[in-house]
Amino acid sequence: MRVPGTFFLSRRLAEGLEEGALTQLANVATLPGILRCSLGMPDIHWGYGFPIGGVAAFDEEEGVISPGGVGFDINCGVRMITTPLTVTDIPDMKGLIEDLFATVPTGVGSKSPVRLSQNDLSNVLTDGAANAVELGYGMEGDVRRCEENGAMPGAELEFVSKKARARGIPQCGTLGSGNHFLEVQAIDEIPDPATAKTFGVAEGQICVMIHCGSRGLGHQVCTDHLKVLEEAVKKYGIDLPDRQLACAPLHSPEGEAYFGAMAASANYAWANRQIITHLVRELFVKRFGIAYEEMPLVYDVAHNVAKWEEHETADAAAGRRRVCVHRKGATRAFGPGRSEIVQEFRDAGQPVIIPGSMGTSSYLLAGTTTAMERTFGSTCHGAGRVQSRSSAKRSLTGAAVAEDLAKRGIIVRAPNAAAIAEEAPDVYKPSSEVVQVVHDAGISRIVARFRPLGVIKG
DNA sequence: ATGTCC
């Protein structure tokens with residue numbers, strides 16, 4: 001190991017820490033040019049190469065970039081929109097969830113009601129959420145409420161394969177499957193009323209949370225570039241403890257190609273969440289007679305991405321410098337004052353959105369100065385799985401899980417029963433515990449809690 | 001996560 005590994009865990013979460021995730025955190029610490037430490041958030045678990053819930057920053061000259069440090073679902077992320085409604089305004093939650101299920105395409109291989117041309121796709125890959133708004137799927141203010149204003153600089157379209165493009169064309173505006181979801185929630189606790197007011201959320205308010213990523217396009221980009229980078233490992237003589245850590249020097253042709261394609265995929269994911277947001281707003285307008293403008297975006301965060309950022313490193317005398325931060329199942333949590341944060345939130349710190357598992361609370365937090373000092377401005381991303389999909393399917397049935405949730409007043413709708421069993425609340429760590437760890441460690445602070453009312457799953 | 005094996 002070139003640097004130490006650092007975990008953020010409670011005693012209880014430490015007891016459940018997987019051996020595999022621990023090994024992976026140590027493996028990441030062997031990579032060339034890694035700075036300070038290999039970081040594990042409290043939702044850490046075993047992933048492809050890097051652990052999910054892992055953060056690692058790399059030196060511009062000595063460091064590498066690795067698809068394993070981003071994940072297959074490039075810019076999987078989450079956004080939250082508010083509504084002017086409260087629980088009593090939605091007497092028929094089941095009807096609303098059915099309507100949402102009919103409106104937002106879910107599941108593997110689902111097709112979007114929006115059909116992008118090849119030219120539209122090129123614009124989406126370059127401009128992200130802004131292009132979706134330009135095409136008519138959004139409103140003034142949406143873009144600046146996204147991390148990176150909904151588009152990463154540095155997208156290079158020539159490194160996105162024809163095959164990736166072909167998969168992306170029909171899928172922009174679809175939810176996907178697995179842990180992706182769209183949930184109707186009510187705010188039930190506000191530990192930090194002042195920041196909640198700044199972020200525009202209030203107790204009792206109905207909100208909609210959207211969790212999805214770059215679909216088949218991002219997956220194809222990851223697959224394509226892993227092949228190239230596996231060869232690059234040999235070419236550059238990089239000694240790896242695990243071939244899943246395939247990587248290349250940041251400024252090598254192979255590393256830059258992956259970065260350009262990853263940035264384009266991240267932009268696609270922002271456009272995807274933007275189009276879904278539009279579909280949801282239109283449905284709420286029709287169903288509840290509210291105005292489209294009454295459903296503003298609170299914020300949109302990326303959970304799976306590598307980015308160039310300015311950070312202090314171990315050599316404090318050198319001041320801030322440009323480093324490449326890999327966040328895989330981790331959220332940027334920039335503290336007060338950072339210029340990257342939209343002006344109206346800059347004094348409060350960046351909004352951080354942490355989804356719970358199906359049936360457990362989600363949270364809105366704020367980034368902190370401590371995060372800037374200790375975690376390259378990063379925090380956790382969610383509950384974190386404790387049981388595999390196959391194991392969940394063996395021990396649970398979708399019908400039983402749905403019935404259990406219904407008893408607790410939570411409506412769930414998915415294309416098939418297996419999708420529900422795989423995502424049962426019991427197969428995840430409790431979101432409350434994960435969020436408490438990052439709050440207590442000071443790497444973000446809890447602002448508001450959201451209770452689930454109804455959810456659609458892929 | 002993923003047209004869950006071109």
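Only a predicted model underlies this, so the values are computations on that prediction, with no experimental measurement involved. Computed over heavy atoms, backbone and side chain alike; hydrogens, waters and symmetry mates excluded. Throughout, a chain's letter reflects where its sequence line sits, starting with A, and its residues are numbered from 1.
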Subject >> Modelled atom types, side-chain donor and acceptor of A:Arg215 and A:Thr174, under 3.5 Å >> reply: yes
[X] near the nucleic acid: base, sugar-phosphate alone, or nothing, with a heavy-atom cut-off under 4.0 Å?
{"X": "A:Gly213", "answer": "nothing"}
{"X": "A:Gln171", "answer": "sugar-phosphate"}
{"X": "A:Gly178", "answer": "sugar-phosphate"}

Report the distance from atom [atom1] of [X] to atom [atom2] of [N], rounded to the nearest whole Å.
{"X": "A:Asn75", "N": "B:dT2", "atom1": "CG", "atom2": "C1'", "value": "16 Å"}
{"X": "A:Arg389", "N": "B:dT2", "atom1": "CZ", "atom2": "C1'", "value": "11 Å"}
{"X": "A:His225", "N": "B:dT2", "atom1": "NE2", "atom2": "P", "value": "18 Å"}
{"X": "A:Leu217", "N": "B:dT2", "atom1": "CG", "atom2": "C1'", "value": "12 Å"}
{"X": "A:Lys163", "N": "B:dC5", "atom1": "NZ", "atom2": "C1'", "value": "11 Å"}
{"X": "A:Lys227", "N": "B:dC6", "atom1": "NZ", "atom2": "C1'", "value": "10 Å"}
{"X": "A:His219", "N": "B:dC5", "atom1": "NE2", "atom2": "C1'", "value": "12 Å"}
{"X": "A:Gln220", "N": "B:dC6", "atom1": "CD", "atom2": "P", "value": "9 Å"}

Original post:
Do the side-chain N or O atoms of A:Ser177 get closer than 4.0 angstrom to the phosphate oxygens (OP1, OP2) of B:dT2?
Top reply: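 It does, given that an N or O in the side chain of A:Ser177 lies less than 4.0 Å from OP1 or OP2 of B:dT2.
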Subject >> Lys NZ or Arg CZ of A:Arg281 over A:Phe284 ring: under 6.0 Å, within 45° >> reply: no
**OP:** Establish, yes or no, whether the cationic atom of A:Arg145 lies under 6.0 Å from the six-membered ring centre of A:Tyr299 and within 45° of the ring axis.
**Re:** no
**OP:** Go through the steps to decide whether A:Met80 and A:Phe450 satisfy the test side chain to side chain contact (heavy atoms under 4.5 Å, CB included), and finish with yes or no.
**Re:** CA-CA 11 Å; A:Met80 173 176 288; A:Phe450 300 75; 3.4 Å; yes
